[in-house]
Each structure stands twice: as C-alpha cells, then as structure tokens.
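Accompanying notes for the structure given below.
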Amino acid sequence: MSRNLSALSYRKGLDHNLFEELGTLAPGSAGSDPGNGGKDLEQLAADFLVGTANVYGSTTFYDFLKPENQGKEVYVCNGSACLTAGTQPALEASLLKHVDATKIGYMCCLGRCHENAAFQFKGRNYSACGPKELEKIFSGSAREAASADTDKAGTATQAPAGPNDRYRVASIGVPVLTAAMPSLEEWYALWESLLESGDADAASAEIKASGLRGRGGAGFPMHIKLETCRNTEAAERFVVCNADEGDPGAYTDRYLLEQQPHAVLFGLMVAGWIARASTGVLYIRGEYPESIAIMRHALAELEQHGWLGENIRGSGFRFRIKIIAAQGAYICGEETALLASIEGQRPEVRVRPPFPATEGLFRLPTVVNNVETLASLHWILENGGKAFATLGRGRSTGTKLLSLDGHFQKPGVYEVPMGTPLQEVLYQLGGGFRHAVKAMHIGGPLGGLVPVSQANRLTVDFESFAEHGFLLGHGSVLCIPESFPLIEYLEHLFQFTAHESCGKCFPCRLGSVRGQELLHRARSAAAGTNGMHGETGAAPASAAPTSAGPTHATNGMPGAYATASEDPRIDRELFMDLLDTLEKGSLCALGGGLPLPVRNALEHFPRELAPYFSPALQPSTPQN
C-alpha cells in the first residue's frame with residue numbers, strides 16, 4: 001500500500017507535495033478554517049487520490065498538527081538537557097504570568113541546550129530569559145521586531161538574533177567546519193570549477209579517499225551511498241539533507257544551518273552532481289524556526305547568483321533545492337521515516353532492503369545524509385580526500401563537532417580531529433563542569449551513558465566508543481548531575497521513546513511503554529507515591545496521578561504487567577528480556593538503541609539502582 005501512496009504523492013511533485021499541504025490545512029494550523037470540520041483535509045485526500053484515513057493518520061502524528069495542540073501559543077521544551085538542568089518548572093511558573101495554562105504545550109527539543117529554560121513563542125525560540133526579557137517578549141515588541149524580517153509574502157528572509165542563544169565555537173587543530181566563511185564568490189568558485197571540469201568521478205574518488213562517514217550517528221561511508229544512487233537506473237534521483245536534528249542535547253547541526261549555511265548548501269549541491277540527481281531537499285526540523293529562515297535566505301542568494309537552476313553556468317547540469325519545514329516528530333530523523341514524511345505519509349520506518357540509495361523518495365534512488373556530513377564536502381574537495389583522512393584516526397577520519405550542554409563552564413560547539421581524547425573536549429574546551437556530574441549521555445537518547453570516571457578511557461571516534469560499550473552517535477554531550485536520580489532519567493528515556501515511536505513495530509511501540517511503566521512504579525513506590533505522569537519527560541516523584549496515564553490495577557501496576565504481586569520492584573529477568581526484545585526486534589535505532597544507555601546505567605551504577613530491582617543488582621565494577 002505505501003508504494004502506491006508514494007506513486008500517488010509523486011504525481012504532483014515536490015512543489016505541491018502532500019506533506020506541506022497537510023501543514024496548511026490541518027486543524028488548528030494557520031491555513032485552516034476552524035469551522036469546516038476537517039472538510040479541507042477530505043478534499044486534499046481526494047486531490048491526491050489517497051484515503052481520508054491516510055491523511056488524518058499523517059496529520060495527527062506531528063506535534064505541531066495534533067488536534068490536542070490546537071490553540072497553543074507557547075511550547076515549553078521538555079528535552080533531556082532542560083530536564084536535568086531543572087529549569088523548566090520555574091520557567092512554566094513565569095510563563096503563567098503572561099499566558100493561560102491552556103495555551104501552553106510541550107515540544108522536544110529546541111536546541112537551546114547550552115542555556116536551558118527554553119521555549120517557543122509565536123514561531124521563535126527563546127532561552128534563559130529573565131523577568132524583564134519575558135515581559136518584553138510577551139508585550140509584543142519582540143514580535144514586532146521579528147515581523148520586520150519578512151518579505152511581502154510573509155516568508156522569513158533572515159532570522160533576527162533572538163535574546164540570548166550565546167555559546168562558544170572553537171576548535172582543536174585544523175578547522176574544517178568552524179573556519180570563517182569567505183565571500184560567496186570565493187566559496188562557490190570551487191563549485192564553478194567542478195562544473196567546468198565535468199569530472200564527477202574524480203570528485204567521488206576524493207570523497208572515497210577521505211573516508212568520510214555519516215556524522216548522524218550510524219557512521220556509514222558516504223561514497224557508497226553516492227555511487228549506489230548514481231549507478232541505479234531511474235528517470236529521476238534525489239539527494240536529501242536530513243536536518244531534523246532531534247537528539248536532546250544536540251545543536252551542532254543548528255550551528256551549521258545558522259552560522260555556516262553555505263557549507264551545507266554546497267555539500268547538497270555537490271552530492272547531487274555526483275549522484276546525477278536533479279533535485280535536493282533540505283528537511284529542517286520545525287523546532288528550529290531561525291534555521292529555516294536563515295537557510296531560505298541563503299538559498300535565495302544562491303539562486304540570485306545563478307548557481308542553481310537549468311544548465312548551471314553552461315555545464316548542462318540542472319539542479320534545484322527545495323526546503324521543507326518539518327512539523328515536529330523525532331522519528332523523522334530516521335531516513336526512511338523522513339522520506340515517508342516528505343511524501344505526506346505517516347512517518348513510519350520502512351523495512352530495509354531496499355535501501356534509499358536504490359529506492360528512496362517517491363521510491364526513486366535517493367542519497368540521504370545529515371548536515372555535518374554534507375558540510376564537510378567543501379573542505380575535502382578543496383584540500384583533497386587524503387588530507388581529510390590524515391586529520392582523524394584509523395577508520396574515523398576527519399573532524400567531529402560536539403555540543404556541550406549548560407552543565408559545562410563553557411557550553412558550546414567544538415570541532416576536534418577524530419581520535420582526540422575526550423578529556424580534552426570536556427576540560428580544555430568545555431572548562432569542566434559547573435557542579436558535580438556523575439554521567440554524560442553522549443550521542444543523543446540512543447547514545448552511550450558514560451560515567452565521568454570512564455571519560456579518560458575514551459577518544460572521540462566511532463571505534464573507541466564502541467570498544468568500551470558506548471556510542472558516539474551525533475556527538476552531543478548531555479550531563480546528569482550527581483543530584484539527579486538515574487531512575488528518573490531512565491524513565492524519561494523510555495517515556496521519550498514511547499512518545500516518539502512511529503508505532504510500526506511492536507517491540508518499540510509496546511516495549512517503550514512497558515519499560516516506562518515498570519520504572520515509574522518502582523520509582524513511585526520508593527518515593528511513597530503512585531500514578532503516572534502524562535507528559536514526555538519524567539515527573540518529579542511527588543507528581544500526582546494524571547488522567548493522561550494508563551489504567552492501573554488495584555496493586556498499582558499499570559498496563560499488561562498488572563499482577564497480584566505486592567512487590568513494586570522491577571523483576572530483573574523480566575526487564576532484561578524487555579531490553580533484549582527492544583534491541584533485537586525493533587525496526588530502527590529508536591527502539592533498538594534505547595537499551596544501550598539503560599544497560600550502561602545498570603552496569604556502572606548498580607548501587608544507586610539496586611533498590612528498584614528484584615533481585616537487587618550486584619556491582620560488577622566499583623560504583624561511580
């Protein structure tokens with residue numbers, strides 16, 4: 001069925017794609033009629049020859065389009081960084097002085113992990129705002145300033161600098177991604193020389209020699225995707241930049257989109273040229289409104305200079321770029337879910353093979369790479385693949401961006417050669433911690449949970465992290481203070497997964513909920529409370545039961561695990577079976593990757609977690 005839906009969506013192409021139409025006609029969106037009872041969506045379904053159920057299923061999946069978020073004016077970040085920073089309760093209390101509680105919603109994550117106290121209001125992000133700043137924001141003066149940065153069509157042309165959003169950017173060694181940007185003419189002189197040479201094979205060979213691997217977390221060699229797509233016969237090919245950076249704690253892609261936009265666009269263009277694609281798609285998360293505005297402005301500059309379009313610079317190559325603003329769904333960071341999203345389908349993960357390089361967007365060959373990967377191509381093609389390879393170590397070549405959260409003395413985005421000791425990043429660049437920290441969650445919610453005491457064993461590369469049982473992932477570094485209970489953080493991870501799951505596979509859809517229930521019951525019992533918290537992000541132990549939680553049996557055990565047992569502790573064997581099922585049975589890394597940080601916590605912090613398990617966890621290593 002999904003293949004048929006892909007073909008039907010392709011009929012109208014990217015300029016009139018179903019996904020963007022859904023965004024304007026969904027109930028509660030800016031383009032919808034609140035009194036039409038959903039008739040616009042029914043008409044849209046008819047126009048695209050898809051079922052009404054398909055349209056409603058897609059629309060109601062996204063945070064920005066869900067019926068329950070209709071009328072929301074403020075969205076408070078409930079991501080992991082803001083959770084562990086403890087800033088959001090006070091923020092919500094302050095917001096209630098300016099907006100009614102019914103107008104407040106939640107989203108994850110806004111990429112303000114360096115400052116926290118993050119929220120979005122009227123399509124702009126804010127963080128670390130004091131009372132006077134909040135008064136100014138809600139009085140209308142900030143909104144009036146923002147409205148000045150729109151063209152006649154109401155499209156943002158250049159995002160104004162928001163209050164705060166200050167973080168350091170620095171590097172060790174050769175700066176590949178953080179160097180100062182020259183003039184546009186100097187930057188795109190390389191593009192013109194490549195087109196003049198017409199030798200895409202030589203450019204592909206340089207990328208292969210560089211050893212560049214995907215920076216989104218999987219670490220897959222980029223040249224294989226390019227060659228596979230190029231060599232697959234098709235009437236049309238696509239390249240897609242995955243800019244849906246949803247990992248709480250990560251803001252490296254946001255840095256590139258907002259401060260190095262032409263590095264990203266150049267990479268997308270070159271990838272398209274090598275893969276023989278005619279269209280590039282830049283899919284940017286809706287939680288980054290400033291990034292979307294800046295990239296649209298940069299794209300307009302490209303078009304004005306004639307570096308895109310038909311027969312570019314007389315080379316015979318045609319290429320265009322389409323920017324699509326996402327609507328709030330973490331799963332769209334998974335490449336096949338992202339492609340389904342662009343097609344207007346519910347963003348569910350697809351079974352592979354076939355892989356996107358042979359059957360991707362609209363079931364046509366598609367290269368999908370993340371922002372940091374594409375942004376590296378200019379340096380590689382200007383300096384040579386071998387030069388890039390010498391910057392790293394072994395199979396982890398080049399440099400890596402890392403983002404440090406607000407628990408550091410110097411939060412920011414840092415670029416280091418692969419193989420750099422992690423300690424140098426934490427203490428030389430980040431300045432160490434502001435207060436006592438027991439662990440760092442590195443690489444997003446599916447990355448490794450690294451005890452601070454283990455940091456001296458790690459270097460910043462894929463192999464070192466894997467060797468020690470962790471995962472480098474996207475490169476975000478999110479701290480867990482000594483004062484923050486690990487049991488609460490683990491519950492938060494399960495709840496985040498349950499909220500963001502696409503629902504296609506049972507292990508992820510059900511297992512995430514069951515794990516969150518088990519952890520919540522044990523945590524609540526230990527604190528002398530009961531009930532479930534209904535939002536993404538675990539509630540404090542004192543939180544009262546909410547109607548959003550699942551039904552409880554008389555013994556307080558939620559869901560399918562309700563039994564006659566009076567012991568609220570987690571059955572250790574049952575829990576390990578659950579982790580095995582998630583790891584081995586999930587279709588993608590959301591459910592499959594969740595067990596890694598949980599296992600890391602159980603291994604390295606057995607004494608802290610022992611009271612919540614039966615039989616109690618036994619320390620195999622000294623407690624950190």
Side-chain angles (χ1 to χ4, degrees), residues 63-64 69 72-99 101 103-138 142-143 146 159-168 244-255 257-258 284-294 326 328-330 403-408 411-413 434 441 444-445 474 476-481 484 489 492 496 499-500 535-538:
D63 288 340
F64 288 146
N69 282 336
K72 301 296 185 186
E73 294 181 0
V74 179
Y75 288 91
V76 175
C77 180
N78 57 12
S80 307
C82 285
L83 173 71
T84 61
T87 57
Q88 303 312 82
L91 170 64
E92 288 195 53
S94 298
L95 291 174
L96 287 173
K97 298 176 182 178
H98 302 277
V99 63
K103 300 295 184 180
I104 297 178
Y106 300 88
M107 63 171 55
C108 178
C109 158
L110 298 179
R112 297 296 186 99
C113 315
H114 55 290
E115 290 178 330
N116 309 120
F119 68 97
Q120 185 177 113
F121 176 59
K122 298 296 185 182
R124 296 191 67 202
N125 288 345
Y126 302 90
S127 52
C129 296
K132 291 184 178 180
E133 290 173 309
L134 287 176
E135 183 64 37
K136 181 179 178 181
I137 291 167
F138 286 93
R143 298 197 300 279
N164 301 327
D165 195 22
R166 293 181 291 267
Y167 56 87
R168 297 182 77 244
D244 195 30
E245 179 183 57
D247 290 344
Y251 53 99
T252 51
D253 286 357
R254 185 169 75 85
Y255 157 73
L257 293 168
E258 296 178 7
I284 308 177
R285 66 190 278 98
E287 293 88 343
Y288 285 0
E290 291 82 8
S291 299
I292 295 170
I294 289 172
Y330 176 78
S403 56
L404 307 188
D405 74 358
H407 291 289
F408 284 90
V413 171
R434 296 177 185 270
H441 201 171
H474 193 56
S476 57
V477 183
L478 186 153
C479 297
I480 303 175
F484 196 94
Y489 189 74
H492 163 74
F496 172 83
H499 181 268
E500 301 294 347
E535 298 293 345
T536 305

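The chain is numbered in sequence order, starting from 1. This one's a predicted model, so the numbers in the text were calculated from it and none came from an experiment.
Remark: Phe119 CZ to Ile104 CD1 distance equals 10.0 Å, nearest 0.5 Å. Here CG of Leu95 is found 9.5 Å from CZ of Phe121. Values are rounded to the nearest 0.5 Å. In this structure, OH in Tyr251 is found 14.0 Å from CG in Leu110, a value given to the nearest 0.5 Å. Distance check, rounded to the nearest 0.5 Å: OH of Tyr126 to NZ of Lys136 gives 9.5 Å. Atoms NZ and CZ, on Lys72 and Phe64 in that order, are 13.5 Å from each other to the nearest 0.5 Å. Atoms CG and OH, on Leu478 and Tyr489 in that order, are 4.5 Å from each other to the nearest 0.5 Å.
Looking at every heavy atom in both residues, His474 comes nearest to Asp253 through CE1-OD2, 3.4 Å. Closest of all the heavy-atom pairs between Cys82 and Cys77 is SG-SG, 4.0 Å. Closest non-hydrogen pair, Cys479 versus Phe408, comes out as SG-CE1, 3.4 Å. Taking all atoms of both residues into account, the shortest heavy-atom contact from Leu91 to Ala118 is CD2-O, 3.5 Å.
At distances below 3.5 Å, not a single donor-acceptor pair connects side-chain atoms of Gln88 with backbone N or O atoms of Asn78. Here the side chain of Glu287 pairs no donor or acceptor atom with the backbone of Cys109 at under 3.5 angstrom. Glu290 places a side-chain N or O within 3.5 Å of a backbone atom of Asn125 that can act as its donor or acceptor partner. With hydrogens and angles disregarded, no donor-acceptor distance shorter than 3.5 Å links the side chain of Arg112 to the backbone of Ala128. A distance-only check finds no donor-acceptor pair linking the side chain of Asp405 to the backbone of Gly249 [under 3.5 Å]. Although no hydrogens or angles enter the test, the distance criterion places a donor-acceptor pair under 3.5 Å between the side chain of Glu245 and the main chain of Thr252.
The closest side-chain donor-acceptor pair between Tyr330 and Asp244, if any, does not fall under 3.5 angstrom. For Glu92 and Tyr106, the side-chain atoms include at least one donor-acceptor pair closer than 3.5 Å. At a cut-off of 3.5 Å, with distance as the only test, a side-chain donor of His407 or Thr84 sits close to an acceptor on the other residue.
Judged as a side-chain hydrogen bond (donor to acceptor under 3.5 Å, both in side chains), and not counting sequence neighbours, Ser403 has no contacts.
In this structure, Cys113 and Arg254 have side chains that are not in contact, with every pair of non-hydrogen atoms separated by 4.5 Å or more. Taking the side chain as every heavy atom from C-beta outward, Pro248 and Pro445 approach each other to under 4.5 Å.
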request  = Go through Phe496 and Ser80 one step at a time and tell me if the side chain to side chain contact (heavy atoms under 4.5 Å, CB included) criterion holds.
outcome  = CA-CA 9 Å; Phe496 172 83; Ser80 307; 5.9 Å; no
task = May I have the step-by-step check of side chain to side chain contact (heavy atoms under 4.5 Å, CB included) for Arg285 and Ile292, ending in yes or no?
result = CA-CA 8 Å; Arg285 66 190 278 98; Ile292 295 170; over 6 Å; no
